[in-house]
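So you know, we letter chains A, B, ... as the sequences are listed, proteins then strands, and number each from 1. Because the structure is predicted, anything quoted here is derived from the model rather than measured. Only heavy atoms go into these numbers, but all of them, side chains included; no hydrogens, no water, no symmetry mates.
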Amino acid sequence: MDKKSVIDILEEIGVMLELKGESESRARAYYWAARVISSLDVPLETLIAENKLKELKGIGKALSAKITELVTTGRLQYHENLKSSFPETLFELLKIPGMGPKRLKAVYDTLGIKSLGELEYACHENRLISLKGFGIKTQEKILLGIQQLKRYQGQYLYDFAQKEAEKILSLIAQHSKVIQSSVVSSLRRKVEVIKEIDILASTNDKMKVMDFFTSLKDIESVTVKGDAKSNVTLPLRYTQGQGQALNTGINVNLYTVSDAQFPYVLRYLTGSEEHNIAIRDRAAKMGFEMNEDGLFKDGKFIECKDENQIFHKLGLAFIPPELRENTGEIELAERDALPKLIEESDIKGTFHVHTTYSDGISTVAEMAEAAMKLGFTYLGISDHSQYAAYANGMKPDAIQKQHREIDTLNCKFDNFKIFKGIEADILPDGSIDYDDAILAAFDFVIASVHSKFNMTEEEMTKRNIKAIENEHVTMLAHPTGRLLLGREGYPVNVAKVIDAAAANDVVIELNANPHRFDLDWRYCKLAKEKGVKISINTDAHNLDELRYTYMGVGIARKGWLEAKDVINTMNLREVCDVYSR
DNA sequence: GCCGTTTTCGGCCCGACTGTTTTCAGTCG
């Protein structure tokens, strides 16, 4: 059993113990154990094999036995027994912001509420306010939270959808009857939130391919099976965003066409709808007829062997899928003036990485090694600052220790450098955590908001601008604080923030964590026009998350960014010139 | 359930914010 599932189960046991009215400390022991495990960087299997689980602080005899049972057998009898005494739907209520174990117990025990639907109804009937500790505002907040969850229903984070799609596409592509295949629609356009996975394949034997697709091992159910289109649902997996309480597994559509049709349908299914309408209008004005089956003039089929030729026939340069949103790409393609979008191979390094000095689970050295493996020539470490106590923010002595460690490591490297950075909190009044002397010791300073999200747009904009105007600040991180499918961003005037960044020569981060993708791609073009540089930052808290850099490149492309707009494309010497102190 | 002793039982937990209270409970990052 994987680590994430172990963590989920331990936390669920904690909640169930609280619901049962067991001692809070006992429940807390399970929460704590979950935290300890989440911060491990050795596999649980190793610890178990070496009988070292009990050495972890907070894991004693009982928890050690339970975790061992979980990891080795994939289940835990104690957990299953507990779980069978509660309605299955009860736990989805915990996904509501502001709803924790205590309030869950109150609505379950007193009102007998066991699902989101029942809770929503009870809110409408004003039944929550009768509960001790509940009032009008809490009830309103819960109702709002339920509505938000419903809005997020049926949506999936890009990272998750992309991984699922890749697995299926690789199987389809290997099938002997498949000639060409591709992911299409929003996933191909690299939209940040995905509703369905659509895959297109060309073949001379549609039914054979559909038989194969609908009988794949890892699918939950088959909804539709035809020779041109089939739809299956994948099993629900537990690796998704926090706002997905109501979700089932994601749907996958497979479309099959003849090989001659492939480029036309590839273009058509890639969309977007707005882009397709504009393209079709253009085709019509040029005397073409354009539909899913192909491109026609006077009823005659115009042969194109790929998408490039289709665009060419319409007097356009090839438009990369990411740009097909009808936001000016067609006009520029007509003048062959589309931007030369940034490529994954342009990336030389990344910034905004956490380590064990704050809330990361890997050491500075491990992170650097992982970055080198990706071919990076530099890495900007930026742990949390002291104000972020929840994230173990660094006190001044920790900073000194980290800097000494980085200096020692840097001496050992040839063509690689670790830059000393900090993710410093922007305090509610817009000032930056730490005094000037401490801030001056870093190569770069990332400023970000992690507290007091409930300001007005005007206050929050002012707060961010004041931070940008601080002479020590190099870049602004996750400008809206949004968590996709989890939390709306705080209100802030992004255009004004971009103006301030331009005026103060401050870089804006494109946070490449798929939960964030913040700066939103819709603002990247504006930042570029204003001359603001973008940094693709992973916000990695472990080794694996460094790969988010490449997802960030996808979003940067969607935001029209070129290599010269992104500071991660600078080589080591250039970064040294700009940032090293 | 874990830990650590003044060693077999009592305390355990960071701090801000919100909403409910009228001094604090619950949630969250």
Selection from [options] that lies nearest to any side-chain heavy atom of [X]:
X: A/Lys57; options: B/dC3, B/dG19, B/dG1; value: B/dC3
X: A/Arg103; options: B/dG26, B/dG19, B/dC2; value: B/dG26
X: A/Lys102; options: B/dG19, B/dT27, B/dC3; value: B/dT27

Expressed as a whole number of angstroms, how long is the span from [X]:[atom1] to [N]:[atom2]?
X: A/Lys137; N: B/dT27; atom1: NZ; atom2: P; value: 18 Å
X: A/Leu104; N: B/dA25; atom1: CG; atom2: P; value: 20 Å
X: A/Leu19; N: B/dG26; atom1: CG; atom2: C1'; value: 15 Å
X: A/Lys66; N: B/dG1; atom1: NZ; atom2: P; value: 5 Å
X: A/Phe134; N: B/dG19; atom1: CZ; atom2: P; value: 14 Å
X: A/Lys141; N: B/dC17; atom1: NZ; atom2: C1'; value: 9 Å
X: A/Ile59; N: B/dC2; atom1: CD1; atom2: C1'; value: 10 Å
X: A/Leu427; N: B/dG15; atom1: CG; atom2: C1'; value: 14 Å

Residue pair A/Leu17/A/His450 against DNA chain B: nearer the 5' end by closest nucleotide is A/Leu17

Of A/Tyr78 and A/Ser25, whose nearest nucleotide on DNA chain B comes first from the 5' end?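 Result of the comparison: A/Tyr78.
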
**OP:** In plain terms, say whether A/Asp520 and A/Arg482 are close enough for a salt bridge, that is, a side-chain N and a carboxylate O under 4.0 Å apart.
**Re:**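 Looking at A/Arg482 together with A/Asp520, the answer is yes, because their closest N to O distance falls below 4.0 Å.
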
If the [atom1] atom of [N] is compared with that of [M], how far apart are they to the nearest Å?
N: B/dT5; M: B/dG10; atom1: C1'; value: 11 Å
N: B/dT8; M: B/dC14; atom1: C1'; value: 30 Å
N: B/dC17; M: B/dC12; atom1: C1'; value: 23 Å
N: B/dG26; M: B/dT20; atom1: P; value: 13 Å
N: B/dC13; M: B/dC3; atom1: C1'; value: 14 Å
N: B/dT21; M: B/dT27; atom1: P; value: 15 Å
N: B/dG11; M: B/dT7; atom1: C1'; value: 15 Å

Donor-acceptor check, side chain of [X] to backbone of [Y], threshold 3.5 angstrom: yes or no?
X: A/Thr89; Y: A/Lys114; answer: yes
X: A/Lys530; Y: A/Ala502; answer: no
X: A/Lys401; Y: A/Pro396; answer: no
X: A/Ser385; Y: A/Asp425; answer: yes

What does [X] touch in the nucleic acid at a heavy-atom separation under 4.0 angstrom: a base, only the sugar-phosphate, or nothing?
X: A/Lys61; result: sugar-phosphate
X: A/Ser451; result: nothing
X: A/Ala391; result: nothing
X: A/Leu56; result: sugar-phosphate

Separation between OH (A/Tyr434) and CG (A/Leu439), nearest 0.5 Å, reads 8.5 Å

Taking the six-membered ring for Trp, are A/His478 and A/His450 parallel (under 30°), tilted (30 to 60°) or perpendicular (over 60°)? perpendicular

Scanning all shown strands, the Watson-Crick or wobble mate of B/dT8 with both distances under 3.5 Å is none

Just N and O in the side chain of A/Lys105: are any of them under 4.0 Å from OP1 or OP2 of B/dG26?
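For B/dG26, OP1/OP2 do not have a side-chain N/O of A/Lys105 under 4.0 Å.
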
Next on the checklist: Does a side-chain N or O of A/Thr138 approach OP1 or OP2 of B/dT20 to a distance below 4.0 Å, or not?
Outcome noted: yes

